[in-house]
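Contents: one structure, followed by commentary.
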Number of protein chains: 2
Amino acid sequence: NIRNLAMEKVASTVMFPCRYQSSGCGTSLLHTEKLDHEETCEFRPYSCPCPGASCKWQGSLEQVMSHLMQVHKSITTLQGEDIVFLATDINLPGAVDWVMMQSCFGHHFMLVLEKQEKFDGHQQFFAIVQLIGTRKQAENFAYRLELNGHRRRLTWEATPRSIHEGVSSAILNSDCLVFDTSIAQLFADNGNLGINVTISMC
Amino acid sequence: NIRNLAMEKVASTVMFPCRYQSSGCGTSLLHTEKLDHEETCEFRPYSCPCPGASCKWQGSLEQVMSHLMQVHKSITTLQGEDIVFLATDINLPGAVDWVMMQSCFGHHFMLVLEKQEKFDGHQQFFAIVQLIGTRKQAENFAYRLELNGHRRRLTWEATPRSIHEGVSSAILNSDCLVFDTSIAQLFADNGNLGINVTISMC
Ligand SMILES: [Zn+2]
Ligand SMILES: [Zn+2]
Ligand SMILES: [Zn+2]
Ligand SMILES: [Zn+2]
């Protein structure tokens with residue numbers, strides 16, 4: 001027991017280098033802090049921000065846009081702070097993702113609408129905005145998603161996610177615009193759903 | 001066959017009185033229009049607007065407020081166009097209803113927050129506003145429900161329901177503010193959830 005306590009004492013004072021040291025991170029940490037740091041370490045490689053896990057690309061933040069333009073050519077980009085994200089054929093069965101890019105304030109934002117069945121027989125839509133940038137940069141912005149219908153409006157306002165953290169945990173926690181298929185019907189027109197997206201600086 | 005066609009022809013031209021004739025309705029209708037009319041007939045008795053089906057009271061619109069004050073004494077009333085509807089202990093298990101009254105513009109509105117499990121293992125909250133008044137009167141108003149949290153806001157704007165139609169069909173169709181328990185946690189404070197309610201004329 002004495003021996004274990006001694007080893008714990010050593011472990012609790014020894015500093016370990018971050019696992020992204022070779023990518024440029026100079027931070028050293030106690031083992032208790034290491035995992036938390038590495039999760040948010042700015043030298044951790046970026047993964048492809050496209051929803052779903054089909055693309056395995058990883059690289060630096062600077063390479064993300066060229067990856068998207070080369071490999072995900074079909075993604076549309078709109079310019080401006082205030083645009084309409086039009087999702088077509090929202091009644092398609094099964095899990096579906098709609099993606100587009102919005103450029104404003106000298107940054108690129110990826111808009112994601114995901115339809116999935118978290119609960120048996122209960123399809124839900126999840127809409128969210130992520131910045132092609134760091135978490136720190138993301139905190140300078142706010143986004144608003146708005147569904148407009150006949151005498152009805154549903155609005156969600158929040159801070160964009162950084163693509164470094166991704167959107168899947170936010171979708172899992174419903175920390176985004178969430179609506180079910182009945183609501184989608186109230187706002188859709190001919191199976192197409194327009195989501196007003198506004199980005200602002202804060 | 002000839003005889004049936006003849007009878008159908010008669011039925012399709014004969015006018016029937018509304019079933020609420022004795023309550024004052026003077027409308028006569030084709031049998032094909034009768035049920036639709038009676039559903040919205042202003043002479044149809046009003047039911048108690050409290051959510052859940054426990055109270056079986058029926059009466060005229062003029063009697064609703066005195067029924068509420070005599071039989072549902074525990075319901076709080078707040079004055080003003082812009083109030084906070086505070087739902088306490090939202091983590092209570094099972095189906096729960098929170099109800100309060102808001103008075104403004106010379107009218108009484110009933111605010112309802114309902115927690116229920118439409119889908120197995122998936123608890124959802126439904127918030128909605130109904131006017132103690134007719135459908136026609138309800139169309140003169142709009143309401144906004146707003147959840148405010150740390151760098152997040154969820155807003156629903158719509159026309160109040162009349163208590164003559166009730167809120168259950170709107171809740172069934174998600175035609176109201178809908179959110180799940182994860183979202184409730186994001187906005188709740190110590191198990192209490194404040195919903196900003198604003199009524200306006202339109
Ligand atoms: Zn690091
Ligand atoms: Zn990719
Ligand atoms: Zn009638
Ligand atoms: Zn009652």
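Below, chain A is the first sequence line, B the second, and so on; all start at residue 1. Computation of the quantities below employed the complete heavy-atom set of this structure, encompassing side-chain atoms and omitting hydrogens, waters and symmetry-equivalent molecules.
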With a 4.5 Å heavy-atom cut-off (strictly below), which parts of residues 122-132 of chain B touch chain A? List them by number.
-> H122(B), Q124(B)
CZ/F119(B) to NZ/K118(A) distance, rounded to the nearest 0.5 angstrom?
-> 13.5 Å
Does CZ belonging to R19(A) count more than 12 external heavy atoms closer than 6.0 Å?
-> no
Crowding at CD, E42(B) (>12 non-hydrogen neighbours, <6.0 Å) | no
Across all chains, not counting sequence neighbours, the side-chain contact (heavy atoms from CB on, under 4.5 Å) partners of Q70(B) are S66(B)
Which residues, numbered in order, of residues 142-164 of chain B come under 4.5 angstrom of chain A by heavy-atom distance?
-> R151(B), R152(B), R153(B), L154(B), T155(B), W156(B), E157(B), A158(B), T159(B)
Could you name the residues of residues 172-179 of chain A that have a heavy atom within less than 4.5 Å of a heavy atom in chain B?
-> N173(A), S174(A), D175(A), C176(A)
